[in-house]
Amino acid sequence: MKLSAACVVAVDVGSVRTGSFAWAAVDIPGHTLTAHGDDPAGAAGALSAALTDGASAVLALEAPMSVPVPGDWKLLGKGRTGEGNRAWSASAGAGALATGLAQGAWLLAEVARALPGLAATTQVPRWRGAADGGAPLLLVEAFVSGEGKPVPTALGPHAADAEAAARAVAARLAGEDGTDGTDMTCAPQRAFSLLAAQARWAGLAVAGDELALDVLVVRARPAG
């Protein structure tokens, strides 16, 4: 399905106080870098502006945004399918998860304040149906590490990660990266969607079943 104009805002989750937070906005189609910054207010403003102009928008948080909740307690903390040796529950992932929860909730609350009644979703088909009454804001998880790490730009490594995440998500949604679907999943365990929980806390309209649905996870690939 061909996508109409959309804006992808990706956030490299990190400490605002120490300058480890960054965001970047890329458009679909075209994948032009339209804006970037190092403050959460700027990221919320970019999302709100795109949605106000009538475009669909995507918020991609670079932090674990869905976790598996197994029936067997002995499997608690086990990594998601596709994570390899970088489980969401390991120190780096757990730290990013905690920071991403607070930062994502703040960003979504700001968007909800600017656009009362806005609907959001973690499910791509529901987002693509926005013109038919679906949700215009899609929430996804980005993963930038290892071979997918970009060369740091003059703006710094965090800005480079945010741009790489935005471009990877844009390419996936436009069907240009040769990959269909998600790069990680909680299945066969039940998923707890932190993205859906954040959105509901922020006051966005989100379908209740999304609390237990896997989210789209896009891993940035090596350039070239």
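The analysis underlying the following values was restricted to heavy atoms, covering all of them including side chains, and did not include hydrogens, waters or symmetry mates. Numbers here are sequence positions counted from 1.
A166 approaches A24 most closely through the heavy-atom pair CB-O, 4.0 Å. Here the shortest heavy-atom pairing between T81 and A187 reads OG1-O, 3.1 Å.
Looking only at atom types and distance, the side chain of E210 has no donor-acceptor partner in the side chain of S193 under 3.5 Å away.
For residues 99-110, the side-chain hydrogen bond (donor to acceptor under 3.5 Å, both in side chains) pairs, not counting sequence neighbours, are E110-R113.
Annotation: salt bridge (charged side-chain N to carboxylate O under 4.0 Å, His left out) contacts of D53 (sequence neighbours excluded): none. Applying the side-chain contact (heavy atoms from CB on, under 4.5 Å) rule to T52 yields the partners L115; only residues at least two apart in sequence or on another chain are considered. For R190, there are no salt bridge (charged side-chain N to carboxylate O under 4.0 Å, His left out) partners at least two apart in sequence or on another chain. For R200, there are no salt bridge (charged side-chain N to carboxylate O under 4.0 Å, His left out) partners two or more places apart in sequence or in a different chain. The side-chain hydrogen bond (donor to acceptor under 3.5 Å, both in side chains) check on E83 picks up R80, with sequence neighbours excluded.
The distance from the CG atom of L118 to the CG atom of L47 is 9.5 Å, given to the nearest 0.5 Å. The distance from atom CG of D161 to atom OG of S20, rounded to the nearest 0.5 Å, is 10.5 Å.
For the pair R219 (side chain) and G82 (backbone), a donor-acceptor distance under 3.5 Å is present. Distance alone, capped at 3.5 Å, places no donor-acceptor pair between the T182 side chain and the T185 backbone. Side-chain N or O atoms of T121 include none that pairs as donor or acceptor with a backbone N or O of W127 at under 3.5 Å.
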